[in-house]
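As the structure is a prediction and not an experimental result, all values here were calculated from the model. Below, read A as the first sequence line, B as the second, and so on, with proteins coming before strands; counting in each chain starts at 1.
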2 protein chains.
Amino acid sequence: MKKFNENTLYDVAELFKNFADSTRIRILYTLFNKELSVSEICELLNMNQSAISHQLRILKNSKLVKNRREGKTVYYSLDDDHVYNIISQGIEHVEE
Amino acid sequence: MKKFNENTLYDVAELFKNFADSTRIRILYTLFNKELSVSEICELLNMNQSAISHQLRILKNSKLVKNRREGKTVYYSLDDDHVYNIISQGIEHVEE
DNA sequence: TGAACATATGAACAACTGTTCATATATATA
DNA sequence: TATATATATGAACAGTTGTTCATATGTTCA
């Protein structure tokens, strides 16, 4: 079994917390294909803008999404290759 | 992008909740190699028996661990191939 | 049966989390 | 500058979660 720092598993738990909420995981899933603006995400998930912005901040702090501003609009996209793989594996699991 | 039932992402979030707590993820990690009794897990994680039992029940209900009784002792082990892969991917992510 | 040991479980409590509401900030344009 | 639009953020609140404590259940053996 691979050795690693004893804090690693705490960090792993922190990572998985991001995926442990259906709003955040649905946000991430909408970003699988392409970047989207905040308001586009709101429409897709049918949720209010404040709730989405709060969750986007959490995802950004965890470096799972990144954003860029274009005028008034802010576009978000996945910031990590692992995100796609981890969620895909989760989907695979529950679909069995 | 793969199509699936709209409830799937909610189920995925539920799945990841299991990995979103450091106690549970450390329990699962102790079971990577081999089955362990409840008291062995308590010693390894230096936590009291009640806390461990409560978390084991959560993991069992989610079908991530299984158990077998041998006299007074109950042994727990991983019940799902995906568990190993999902946690490994999480470890890989945070170690970069 | 009774004592000892291993594990499970319910209740209670503190800590944490996600959403809403109100409002602030940033940008574009008239 | 004033207004409209898009996004961000702080405070408050309800709901959820993990641990502890006390106790129950299950098993072995004397």
Side-chain angles (χ1 to χ4, degrees), chain A residues 7 9-31 34-79, chain B residues 7 9-31 34-79:
Chain A
N7 293 319
L9 290 176
Y10 293 89
D11 295 340
V12 174
E14 287 305 308
L15 170 67
F16 282 127
K17 280 181 187 168
N18 290 292
F19 304 110
D21 173 75
S22 65
T23 298
R24 286 194 294 276
I25 212 162
R26 285 183 303 141
I27 289 174
L28 292 169
Y29 188 70
T30 64
L31 301 176
K34 58 176 190 302
E35 68 174 10
L36 293 171
S37 69
V38 177
S39 54
E40 286 172 321
I41 297 171
C42 292
E43 281 176 37
L44 282 169
L45 303 190
N46 196 31
M47 287 183 67
N48 82 57
Q49 179 267 323
S50 181
I52 296 296
S53 274
H54 278 296
Q55 297 305 334
L56 282 169
R57 184 166 50 154
I58 291 171
L59 294 172
K60 179 134 190 284
N61 288 341
S62 299
K63 301 233 175 19
L64 300 183
V65 302
K66 60 178 187 284
N67 60 10
R68 68 183 180 86
R69 181 176 277 275
E70 195 173 304
K72 287 175 294 191
T73 308
V74 178
Y75 291 96
Y76 281 82
S77 57
L78 299 186
D79 189 23
Chain B
N7 294 317
L9 290 176
Y10 292 90
D11 295 340
V12 174
E14 287 304 309
L15 170 69
F16 282 126
K17 281 181 187 168
N18 289 293
F19 304 108
D21 174 75
S22 67
T23 298
R24 284 194 294 277
I25 213 163
R26 285 182 302 142
I27 288 175
L28 292 169
Y29 188 70
T30 63
L31 300 176
K34 60 176 190 302
E35 67 175 10
L36 293 172
S37 69
V38 176
S39 54
E40 286 172 322
I41 298 171
C42 293
E43 280 176 37
L44 283 168
L45 304 190
N46 197 30
M47 288 182 66
N48 81 57
Q49 179 267 321
S50 182
I52 296 297
S53 275
H54 279 297
Q55 298 304 335
L56 282 169
R57 184 165 51 156
I58 291 172
L59 295 171
K60 179 133 191 280
N61 288 342
S62 300
K63 300 234 179 12
L64 300 183
V65 301
K66 60 179 187 287
N67 60 11
R68 69 183 180 86
R69 181 177 277 275
E70 195 173 304
K72 286 175 292 191
T73 307
V74 178
Y75 291 97
Y76 282 82
S77 56
L78 299 186
D79 191 21

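With hydrogens and angles disregarded, no donor-acceptor distance shorter than 3.5 Å links the side chain of A:S53 to the backbone of A:S50. In terms of modelled atom types and a separation under 3.5 Å, the side chain of B:R68 and the main chain of B:Y75 share no donor-acceptor contact.
Side chain to side chain, A:S37 and A:E40 meet the donor-acceptor criterion of an N or O pair below 3.5 Å.
At whole-Å resolution of the value, CD1 in B:I41 and P in C:dA6 are 14 Å apart. In this structure, B:L36 places its CG atom 15 Å from P of C:dA6, rounding to the nearest Å. Here the P atom of nucleotide C:dG18 and the CZ atom of A:F19 are 14 Å apart, to the nearest Å. The CG-C1' distance, from B:D21 to C:dA15, rounds to 13 Å in whole Å. Summarising the geometry, the separation between NZ on B:K17 and P on C:dT17 is reported as 13 Å, rounded to the nearest angstrom. Rounded to whole angstrom, the span from the CD1 atom of B:I27 across to the P atom of C:dA8 amounts to 11 Å.
The environment of B:K66 atom NZ is dense: over 12 non-hydrogen atoms of other residues, nucleotides or ligands sit within 6.0 angstrom.
Counting only heavy atoms from C-beta outward, the side chains of B:Q55 and B:I52 never approach each other to under 4.5 Å. For the pair A:I58 and A:L64, the minimum side-chain heavy-atom distance is 4.5 Å or more. Between A:I41 and A:L31 there is a side-chain heavy-atom pair separated by less than 4.5 Å.
Of the residues in residues 62-76 of chain A, those lying under 4.0 Å from DNA chain D by heavy-atom distance are A:K72, A:T73, A:V74, A:Y76. Listed by residue number, the members of residues 50-59 of chain A with any heavy atom below 4.0 angstrom from DNA chain D are A:S50, A:S53, A:H54, A:R57.
In the interface, the side chain of B:Q49 is not paired with the base of C:dA6 through any donor and acceptor atom under 3.5 Å apart.
A sub-4.0 Å separation between OP1 or OP2 of C:dT19 and a side-chain N or O of A:T23 is present. The phosphate of C:dG18 has OP1 or OP2 within less than 4.0 Å of a side-chain N or O from A:R24.
Contact between B:K17 and A:A20 at its shortest, heavy atoms only, is CE-O, 3.1 Å. In plain terms, the two heavy atoms of B:L56 and B:I27 that are nearest each other are CD2-CG2, 3.8 Å. When all heavy atoms of A:L45 and A:T30 are compared, the pair lying nearest together is CD2-CG2, 3.9 Å.
Between A:F19 and B:F16, the ring-plane angle classifies as tilted under the 30° and 60° cut-offs.
Shown here, C:dA30 forms a base pair with D:dT1; the pair counts as Watson-Crick or G-U wobble because both key distances fall under 3.5 Å.
When DNA chain D is scanned in the 5' to 3' direction for atoms under 4.0 Å from non-hydrogen atoms of chain B, the outermost contacting nucleotides are D:dG18 to D:dT28.
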